[in-house]
Q: 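To start, I am sharing the structure in question, which I have written as C-alpha cells.
These values consider heavy atoms only, across backbone and side chains, with no hydrogens, waters or symmetry-generated copies. Start at 1 with the first residue, then count along the sequence. On a predicted model such as this, the values are computed, not experimentally measured, just so you know.
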Amino acid sequence: MSNARLVSALRWLAIAFAAIGVAGFGLVPIESILRDWSSDDSFYYAQVARRFANGEGSTFDGVEPTNGYHALWMLLQVPLHWLIHEREGALRAIKMIEVLLALASFLLLQNAIRRAAMHPAVAAIVLVLLARTPLLYQGIETGLLLTVVAGTFVALQWHCDRPGCTSWWALASLLLLLPLARLEAAALVPFVACYAAVATVPGGSRRLAAAAKMLVVPGLGLGSYALVNHFAIGSAVPISGIVKGFWSHGRGNPPTWQGLISHLGVLLGSGQVRDGLLWGGIAVMGAALARGVGTRISAAQRAGLAFLIGLSLLHAARLLWFGWTTAPPFGSYAHYWIQSRLLRYFVLIALTGLVLAWFVRRNSWLVVAGACGLLAWAVIAMAFSVRNFVAAARDSTPDWEIASRRGAAWLDANLHEPVGSFDAGVLGYFSTAPVSNWDGLISSPAYVAAVVAGDGDHAAWRSGRRVLANVVPVATQDIAAWLRWKWCLQRPPVGRFELIHVDTDCTPVIDGELMQFRVYRWLAP
C-alpha cells in the first residue's frame, strides 16, 4: 500500500467515524449524553454561553459576573445558543461540535506527520488512540485545546519550512488562541515564537527582533483580554486558576520554596507529570541522536521536535508550580492528560521514524505489511468504539449529572428562589432559578476572595441564597460538617440547616459511595 493510499484511507476512516459520532449524538437519549459524555464542569461553559447569547453578559447565575472559564470554548458555544434555544438541543449540538473538533485534530496531526516526512503507517495507531480519548468529548475545553495545539504544530512546521508573511500570520494567530483555549498554554507562546525566529532568521539581533515581532499579535490580544477582565470584573486573569491553586488544594497557603522541596518527590511520582517529563526527555535525546549519527532532518522535522520539547517544558513548569504552592497534582486533569498523551504519541512517531530512516527502505515489504496491519487495527478499534457508544446509549444507570438534572426539575416545580450549590453545572443549566456556584470555579471575584479568607459561609448567605441544593454522600448526615470541609473553614458554619427534600428515586454510586440529591434551607442563628 502506497503512502498516498494509506493517508487517504486514514482520512476517510476518520471522516466516517466523525459522521457516525455526529449522527449518534443527535439520536441517543439525553440521559446517555449526561452520564457518559458530559461532566458537571462542562455545564459552566454551556450556561455562561447561554446567558451571554441572551444578552445577560458573562454570568452563570444571571446575577453576578464571572470569568471562571477559559474564554475560547465558551465563546465557541455562544452561536449555538443563538440558534438553538432548547437546552437539550443545544447540548446535543455541543457534542457534535466536539466530534468535529476531534476530526479537525486528527487531520491536522496527520498533516504534521506528513510534513515531518514520517511514514503514515507509523502514525495510524497513534491517531486512532487519540481520537478515541474520552476526555475529548466531555464538554470541557480539552477537545478545542487539542485542535489549537495541533494547528500550532502544523503552523510552526509550515513557517520553519517555508517562512513568509502568510505563515507568519497563521502562526501568530494560533499563538494568540493557545492561552485563550487554556490559560496555562501561554507558557508555550514565547518558546514557539523564539524557536520560529531562531530557525528562520540568521544573526542574533535580527532573531531577537523577529521573536518580538512574532509576539506582537498574541501580546496585544492577551493584553486586551486582561484589560477587559480588569474593567469588567476587577480580575486580570480567570479566577479558576487562583481558586484551584490557593483554595481548593492549597488551603490558602502562599507559595514557598520549602513547599517545592517537600512536595517534589510526590510530584515526580505523579503519573501524568512523570510521563510528560520522560517523553519530553526522550524527544531531546532522539533529536541529539539523529544529529550525532548524521541523519538528515528537515526543517519541518526539527520544528516538530522543538514543539515536543516545548510541551515537556510546560510539564516541568507545572510540576514546579504545584510544588511551590504546596498543592497536590491533578493526576487526571484533562489538559495535562491530553498533553502527556501528545508527548508520548509523537515522541513514539519521531523515534520510529528515525528507525525507519536508518534501517528500512521506504517501500520495503516490512513497511507495506505494517501499514496494512495498522490500518486493519484502526478499523477494528473504530468498530469497538461504535459498539461502546451504542452500549452506553442503552445504559439507564443514573449518575451525578442525571441526579442533578432531576433535582433541577424539582426546584422548578417546588421552589422559586435563588439556590446555592457546590456542583452547580447541570443544576444551573437546566433550572430556571438563579443557581450560584459555591465551589469557586465559576463564581464572582468577591465571593472567591471571601472564601480564600475563610469567610465562605457568610459570603454565601449574604448573597441572598438561603437554599443549598446538591448531590451529597448518603453517609454525610451532618451537613454543617460537610459544609465546613467544602469551605475549608476553621470553625463550624453559622446558622442551622433544615432538610426539605431528598430524592430517593435517584441514588447514583460515585467512586463506590452512594449519593443523593438533597435540598437544605439555611436558618439564621
Q: Below 4.5 Å, heavy atoms only, C-beta onward: do P418 and V63 meet side chain to side chain?
A: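 Of all side-chain heavy-atom pairs linking V63 with P418, none is under 4.5 Å.
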Q: Are N437 and Y447 side-chain neighbours, meaning at least one heavy-atom pair lies under 4.5 Å?
A: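 No, too far: nothing below the 4.5 Å cut-off.
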Q: About how many Å separate CH2 of W522 and CG of L483, when rounded to the nearest 0.5 Å?
A: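 Those atoms lie 12.0 Å apart.
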Q: Please name the pair of heavy atoms, one in P218 and one in A172, separated by the smallest distance, quoted to 0.1 Å.
A: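 Taking every non-hydrogen atom into account, CD-O, 3.8 Å.
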Q: Heavy atoms only: give me the nearest M214-L171 pair and the separation to one decimal.
A: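 Between these two residues, the closest heavy atoms are CE-CD2, 3.8 Å.
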Q: Nearest 0.5 Å, what's the CG-CG distance between L180 and L76?
A: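 L180 atom CG to L76 atom CG measures 12.5 Å (nearest 0.5 Å).
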Q: Kindly say whether A104 contributes a backbone atom to a donor-acceptor pair with the side chain of T147 at under 3.5 angstrom?
A: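 Not confirmed, T147 side chain does not pair with A104 backbone.
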Q: Under the side chain to side chain contact (heavy atoms under 4.5 Å, CB included) rule, collect the residues that match up with V99, sequence neighbours excluded.
A: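 Partners of V99 by the side chain to side chain contact (heavy atoms under 4.5 Å, CB included) criterion, ordered by chain and then number, come out as A18, V22, F25, Y137.
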Q: Are any side-chain N or O atoms of D412 and backbone N or O atoms of S431, one a donor and one an acceptor, separated by less than 3.5 Å?
A: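 Between the backbone of S431 and the side chain of D412 there is no qualifying donor-acceptor contact (under 3.5 Å).
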Q: Please check if the side chain of R496 supplies one atom and the backbone of A524 the other of a donor-acceptor pair under 3.5 Å.
A: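 Here the side-chain-to-backbone pair does not exist.
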Q: Evaluate the criterion side-chain contact (heavy atoms from CB on, under 4.5 Å) for residue pair F497 and R521; output intermediate values, then yes/no.
A: CA-CA 6 Å; F497 303 91; R521 184 177 297 279; over 6 Å; no
Q: From D503 CG over to M515 CE, what is the distance, rounded to the nearest 0.5 angstrom?
A: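 Here the interatomic distance stands at 13.0 Å.
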Q: Determine the minimum heavy-atom distance between R87 and F430, stating which atoms define it.
A: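 Heavy atoms only, the tightest pair is NH1-C, 3.6 Å.
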Q: Step by step, would you call L222 with V189 a side-chain contact (heavy atoms from CB on, under 4.5 Å)?
A: CA-CA 11 Å; L222 290 177; V189 174; 5.5 Å; no
Q: Ignoring hydrogens, what is the shortest heavy-atom contact between V494 and D457? Give both atom names and the distance.
A: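 Minimum heavy-atom contact is N-OD2, 3.0 Å.
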Q: Ring-plane angle category for F60 and Y44, please: parallel below 30°, perpendicular beyond 60°, tilted otherwise.
A: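 Perpendicular, since the angle between the ring planes exceeds 60°.
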Q: State whether R484 and D478 are salt-bridged, where the test is any N-O pair (Lys NZ or Arg NE/NH1/NH2 against Asp/Glu carboxylate O) under 4.0 Å.
A: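 Salt bridge absent between R484 and D478.
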Q: Is there side-chain contact between L427 and V471, with at least one heavy-atom pair below 4.5 Å?
A: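 The answer is no; the side chains never approach within 4.5 Å.
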Q: Write down the atom of A181, the atom of E141, and the distance for their closest heavy-atom approach.
A: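 Nearest pair, atom of A181 first, then E141: O-CG, 3.6 Å.
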Q: Any side-chain heavy-atom pair from I30 and R405 closer than 4.5 angstrom?
A: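 Side chain of I30 against side chain of R405, heavy atoms only: contact under 4.5 Å found.
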Q: Just so I know, are the side chains of S39 and I140 near enough to count as touching, which here means a heavy-atom distance under 4.5 Å?
A: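 Side-chain contact under 4.5 Å: yes.
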Q: Hey, could you give me the CG/CZ distance between D61 and R51, rounded to the nearest 0.5 Å?
A: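 Answer for the CG-CZ pair, D61 versus R51, is 6.5 Å.
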Q: Quick one, I20 with F389, criterion side-chain contact (heavy atoms from CB on, under 4.5 Å). Give me CA distance, side-chain angles, the key distance, then yes/no.
A: CA-CA 10 Å; I20 294 172; F389 184 95; over 6 Å; no
Q: Checking H85 now: which residues fulfil side chain to side chain contact (heavy atoms under 4.5 Å, CB included) with it, not counting sequence neighbours?
A: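 Expected list: none.
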Q: Name all pairs fulfilling the ring pair (Phe, Tyr, Trp, His ring centres under 6.0 Å) condition that reach into residues 390-418, sequence neighbours left out, sorted by first residue then second.
A: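 Listed by first then second residue: W410-H501.
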Q: For E417 and R465, indicate whether the former's side chain and the latter's backbone hold a donor-acceptor pair under 3.5 Å.
A: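 No; zero donor-acceptor contacts below 3.5 Å.
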Q: Holding to side chain to side chain contact (heavy atoms under 4.5 Å, CB included), I want the full list of residues that pass it with A49, two or more places apart in sequence or in another chain.
A: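 For A49 the side chain to side chain contact (heavy atoms under 4.5 Å, CB included) partners, ignoring immediate neighbours, are M74, Q77, V78, H81.
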Q: Should W73 and I97 count as side-chain neighbours, where that means a heavy-atom distance under 4.5 Å?
A: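 W73 reaches I97 side chain to side chain.
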Q: Which residues pass the side chain to side chain contact (heavy atoms under 4.5 Å, CB included) test with F307, not counting sequence neighbours?
A: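 Only V149, T152, F153, L156, L188, V192, L311 meet the side chain to side chain contact (heavy atoms under 4.5 Å, CB included) criterion with F307.
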Q: Looking at L136 and L146, what are the two nearest heavy atoms and their distance?
A: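 Reported closest heavy-atom pair: CD2-CD2, 3.7 Å.
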Q: Would you indicate whether the side-chain heavy atoms of I94 and Y45 approach each other to under 4.5 Å?
A: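 Not touching, per the 4.5 Å side-chain cut-off.
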Q: As a quick check of understanding, evaluate side-chain contact (heavy atoms from CB on, under 4.5 Å) for N414 and V519, giving each step before the final call.
A: CA-CA 11 Å; N414 296 276; V519 182; over 6 Å; no
Q: Could you give the distance from CZ (R50) to CG (L80), rounded to the nearest 0.5 Å?
A: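 Going from the CZ atom of R50 to the CG atom of L80 covers 13.5 Å.
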Q: Is a donor on one side and an acceptor on the other found under 3.5 Å between the side chain of N388 and the backbone of A391?
A: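 No; zero donor-acceptor contacts below 3.5 Å.
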Q: Could I get the full list of side-chain hydrogen bond (donor to acceptor under 3.5 Å, both in side chains) partners for S42, not counting sequence neighbours?
A: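 None.
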Q: Contact between K486 and N470 at the side-chain level, heavy atoms closer than 4.5 Å - yes or no?
A: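 A side-chain contact under 4.5 Å is absent here.
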Q: Tell me whether the count of non-hydrogen atoms from other residues, nucleotides or ligands lying under 6.0 Å of CZ in F191 goes above 12.
A: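 Counting other residues, nucleotides and ligands, CZ of F191 exceeds 12 neighbours.
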Q: Decide if the gap between the ring center of W482 and the ring center of F422 is smaller than 6.0 angstrom.
A: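 Yes, close enough.
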Q: For S443, does its backbone N or O pair with a side-chain atom of E64 as donor and acceptor, under 3.5 Å?
A: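 Not confirmed, E64 side chain does not pair with S443 backbone.
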Q: Taking the side chain from S38 and the backbone from I33, do they hold a donor-acceptor pair closer than 3.5 Å?
A: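 It does hold such a pair.
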Q: If you round to the nearest 0.5 Å, how far is CG of D423 from CG of D41?
A: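 Separation between the atoms: 8.0 Å.
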